[in-house]
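So that the names make sense, note that chain A is the first sequence line, chain B the second, and so on, each numbered from 1. Computed from heavy atoms alone, side chains included, the values below leave out hydrogens, waters and symmetry copies.
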2 protein chains.
Amino acid sequence: MTTTGAREDRVFAALANATRREVLRLLRDEGPQAVQALAEHFDMRRPSLSEHLKVLREAGLVSEQRAGRQRIYRLEAEPLAEVQDWLHPYERFWRRRLKGLGDLLDRMPDDEVT
Amino acid sequence: MTTTGAREDRVFAALANATRREVLRLLRDEGPQAVQALAEHFDMRRPSLSEHLKVLREAGLVSEQRAGRQRIYRLEAEPLAEVQDWLHPYERFWRRRLKGLGDLLDRMPDDEVT
DNA sequence: ACGATAGGTAGGCAATTCCCTACACGTCAA
DNA sequence: TTGACGTGTAGGGAATTGCCTACCTATCGT
C-alpha cells in the first residue's frame, strides 16, 4: 500500500457492477460503438448508462471519441492488464491445488478444507 | 450475463478497498493469522476490521478457523482464479500492443491511440 | 466462579452508489 | 434558424458502505 491504491480502488469498483462488465464485454466482442448501440442491451434509462460510462472512463477502462453528435466508446484494456499484474503473486495459491506444492504455505492445518 | 453475476459483484466489490486488499496481501505473504495480528497493520478499530473480514468471507476470499478464542484467517484464492478466468478474453487487447496483431479487433480507427 | 482476552454484532452517521426525471448542450437536416 | 437527435449534467431518493462507540458471546487462566 505504497501510494493509496486509489487507482486500483476505482478499477475494481468499476468492475463490481454487472452492467459495467457487460459494457466492457460488448466493446470487446463487438468493437467500439456509440452509446445508442450500447443502450439497446440494457433495461435502463440513458442517463444511468451515461453514468456507468463515466465510471468506466474515470477508471481508464474505456475512452470516448466524438463523431458528430455521437460518442464512440472503445475498450481500453490497460487497467485490466494491471489487474492481472496484481493477481500474479496470488497464482501459486491456486496452482498449488493443481501441482501439489502444498508446503509453500506455512503450516496449513489441512483438516478444514471445506 | 447468464446468471446475474452477483458472485462476481461481491468479489470485485471486496477487492475495491485498499484495506481489504492489504489483508489479502498479509495472508498471502505471512500466512494464516488471527485478527489480532492483522489488526496491528491498520489504523482502524477492531469492529471495522471485523466487517472487512466479513466482506472478504462472503466473497469467498478468506476462510476462518477457530482456535480457542482466536479466529485464524486464511487466504482462499479460488475467487481470484475466477477473476483471472474472467480477465482472459481481454488479454488480446493488451497483448495486441506487444505483438502487433491489431486487426484482430474489428475496424479500430487507430488514429486515436493516445 | 471471576475477570481478562478475542472477536463479533447493534446501531448511528456521513458519504457514496445507482437508479430516476428534468433539463442543458452541441450537431445535423431542412 | 428551427427543430430533432445524441449525450451529458443536475438534483433527488432509497440503499449501501465504512467508519465509529457501545455491548454481547465465548474461551482462557486463576
How close or far is atom [atom2] of [N] from atom [atom1] of [X], stated in whole angstroms?
| X | N | atom1 | atom2 | value |
| --- | --- | --- | --- | --- |
| A:N17 | C:dT16 | CG | P | 18 Å |
| A:I72 | D:dT7 | CD1 | C1' | 12 Å |
| B:R20 | D:dC19 | CZ | P | 8 Å |
| A:R46 | C:dC19 | CZ | C1' | 16 Å |
| B:R71 | D:dA26 | CZ | P | 10 Å |
| B:D43 | D:dC19 | CG | P | 10 Å |
| A:K54 | C:dC19 | NZ | P | 15 Å |
| A:E51 | C:dC20 | CD | C1' | 9 Å |

Item checked: Any donor-acceptor N/O pair under 3.5 Å between C:dT5 base and B:R69 side chain ->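 Yes.
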Next item on the list: Report the residue (A:V55 or A:G68) whose heavy-atom-nearest nucleotide on DNA chain C is the more 5′ of the two.
Entry: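 The residue mapped nearer the 5' terminus is A:V55.
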Notebook entry, point to check: Where each residue is assigned the nucleotide of DNA chain C containing its nearest heavy atom, which of A:R45 and B:S50 is assigned the position nearer the 5′ end?
Noted result: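 It is B:S50 whose nearest nucleotide is closer to the 5' end.
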Checklist line | A:P47, nearest nucleotide to its side chain (from C:dG8, D:dG8, C:dA6) | finding: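 Looking only at heavy atoms from C-beta outward on A:P47, the closest nucleotide is D:dG8.
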Identify the heavy atoms of [X] and [Y] that sit nearest to each other, and give their distance.
| X | Y | result |
| --- | --- | --- |
| A:V62 | A:R57 | CG2-N, 3.7 Å |
| B:P79 | B:R7 | CG-NH2, 3.6 Å |
| B:A13 | B:R20 | O-NH2, 3.1 Å |

I want to check one thing: is the phosphate of [N], taken as OP1 and OP2, less than 4.0 Å away from some side-chain N or O of [X]?
| X | N | result |
| --- | --- | --- |
| A:Y73 | D:dG8 | yes |
| A:Q36 | D:dG6 | yes |
| B:H52 | D:dC19 | yes |

Notebook entry, point to check: Are A:R28 and B:Y90 in a cation-pi setup, meaning NZ or CZ lies under 6.0 angstrom from the ring centre and within 45 degrees of the ring axis?
Noted result: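 Yes, A:R28 and B:Y90 form such a contact.
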Note to self: Just to be sure I understand the rule, does B:A13 reach a base, reach only the sugar-phosphate, or reach nothing, if contact means heavy atoms closer than 4.0 Å?
What the structure shows: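 The residue B:A13 makes no contact with any strand.
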Next item on the list: Indicate yes or no: does A:K54 engage A:E51 in a salt bridge with an N to O separation below 4.0 Å.
Entry: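 Salt bridge flag = no for A:E51 with A:K54.
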